[in-house]
Amino acid sequence: MSTEPITTQTIGPAEAASRPASFASSRRWLLWSGIAALCAWVLVPIYLVALGALGGRQGVYIWPKTGLPTGISLEPFILFLKTEGVVQSFLNSLGAAGITVALSILLGAPAGYALARYDFRGKDSYRLLVLLTRAFPLAILALPLTVSFIRLGLYDTIVGVGLIHTVLALPFAALVTQGIFLGVPKELEEAAWVFGCTRVQAFFKVVAPLALPGIVATAVFAFVISWNEVFAASVLTVRNRTLTAYLLTVLSESPMHYRFAGGLMLILPSVVFIFAVRRYLFAIWGISSK
């Protein structure tokens with residue numbers, strides 16, 4: 001019986017070193033491909049809406065879409081802005097979003113801090129109940145909310161719309177800020193107490209600066225919720241409508257390029273707001289931005 005010698009394949013140092021390099025290159029390529037796909041997913045619809053808003057009828061119906069559009073004009077967008085009620089509804093949306101952001105931070109951040117720092121009976125149940133407040137559809141609460149707001153004098157007011165939007169954003173604001181404060185070491189607060197700071201001083205001097213990027217992210221979340229919400233604003237307002245509610249009722253019979261102009265006006269404030277606070281958002285992932 002003959003046996004064949006067993007041969008083992010040896011890998012040279014150059015080949016062994018090239019494998020990790022090729023693996024890292026593949027991971028880098030996949031990462032950048034994912035980033036490019038995500039950017040395209042976000043930016044291409046915004047580009048198409050802008051093309052329809054600024055290009056008039058030709059920009060809406062031209063096909064195929066060109067990479068460098070021609071005939072771009074601000075006239076359709078300016079005409080849309082001159083439509084009666086558009087500017088006022090835009091200001092109403094800003095007011096409601098401002099109220100939502102302020103109340104979400106002022107109420108949600110202390111709640112998140114208490115959930116992160118203190119242990120009390122029913123803590124887990126409370127956290128679950130906070131999240132379950134979003135389980136009730138707003139539609140089934142529309143009638144009692146309308147009656148209550150009429151009795152309180154909040155019907156058809158921006159304050160009333162802001163309060164409802166705060167109710168929608170507050171549960172997530174509390175839970176998100178809880179996670180943010182959990183990421184701030186408690187030892188830093190204790191060190192501040194040792195050096196003579198009160199609990200309030202330690203919070204504002206030590207905890208708040210470290211948690212600021214996450215708090216800003218929570219504010220962005222609350223702003224977007226308020227800016228895009230349409231049902232409550234449509235039900236609880238008649239004359240003082242927000243931009244989304246106004247466009248829902250006015251643009252149903254308008255030309256397509258005016259609808260695209262309305263869509264662009266809905267997109268731009270959120271983009272500008274996020275761009276303005278991008279420095280704090282990038283800080284969450286340790287990315288510096290100037």
Side-chain angles (χ1 to χ4, degrees), residues 94-136 138 141 145 154 158-229 232 269-270 272-289:
L94 286 181
I99 294 173
T100 304
V101 170
L103 293 180
S104 297
I105 298 301
L106 292 177
L107 299 177
Y113 180 81
L115 290 172
R117 287 291 188 260
Y118 300 104
D119 291 326
F120 52 89
R121 181 179 298 178
K123 177 179 178 179
D124 294 335
S125 300
Y126 174 77
R127 186 163 46 220
L128 180 62
L129 288 175
V130 168
L131 188 60
L132 285 179
T133 56
R134 292 302 310 272
F136 297 96
L138 193 59
L141 302 176
L145 282 175
L154 294 175
I158 299 305
V159 175
V161 176
L163 291 176
I164 293 300
H165 291 174
T166 301
V167 172
L168 298 177
L170 190 57
F172 290 107
L175 296 180
V176 170
T177 52
Q178 177 198 4
I180 295 167
F181 290 125
L182 284 174
V184 178
K186 189 176 182 180
E187 290 77 9
L188 296 178
E189 285 184 90
E190 295 174 348
W193 300 341
V194 171
F195 286 102
C197 290
T198 63
R199 288 182 178 270
V200 176
Q201 290 174 336
F203 175 82
F204 285 104
K205 291 183 178 181
V206 177
V207 179
L210 295 175
L212 184 60
I215 294 176
V216 172
T218 305
V220 171
F221 178 78
F223 181 90
V224 172
I225 284 183
S226 175
W227 187 263
N228 293 330
E229 201 282 327
S270 296
V272 172
F273 183 71
I274 294 174
F275 183 80
V277 299
R278 70 191 187 283
R279 181 163 57 109
Y280 302 100
L281 298 178
F282 291 157
I284 298 177
W285 294 279
I287 304 173
S288 62
S289 176

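Note that CZ of F223 and CG of L94 are 6.0 Å apart. Values are rounded to the nearest 0.5 Å. K205 NZ to F195 CZ: the interatomic distance, rounded to the nearest 0.5 Å, is 13.0 Å.
Taking each heavy atom of A192 and V206 in turn, the nearest pair found is CB-CG2, 3.9 Å. Here the closest non-hydrogen pair linking S104 and T100 is OG-O, 2.6 Å.
Counting only residues at least two apart or in different chains, salt bridge (charged side-chain N to carboxylate O under 4.0 Å, His left out) contacts with residues 106-122 comprise R117-E189, D119-K123.
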Throw together a table of side-chain donor-acceptor distances under 3.5 angstrom for residues 159-183, partners on residues two or more places apart or in other chains.
| from | atom 1 | to | atom 2 | distance (Å) |
| --- | --- | --- | --- | --- |
| H165 | ND1 | S226 | OG | 2.8 |
| H165 | NE2 | E229 | OE1 | 2.8 |
| T166 | OG1 | G162 | O | 2.7 |
| T177 | OG1 | G108 | O | 3.2 |
| T177 | OG1 | A173 | O | 2.7 |
| T177 | OG1 | A174 | O | 3.0 |

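Partners of P185 according to the side-chain contact (heavy atoms from CB on, under 4.5 Å) rule, which considers only residues two or more places apart in sequence or in another chain, are E187, L188. Every residue two or more places apart in sequence or in another chain was checked for a side-chain contact (heavy atoms from CB on, under 4.5 Å) with V194, and none qualifies.
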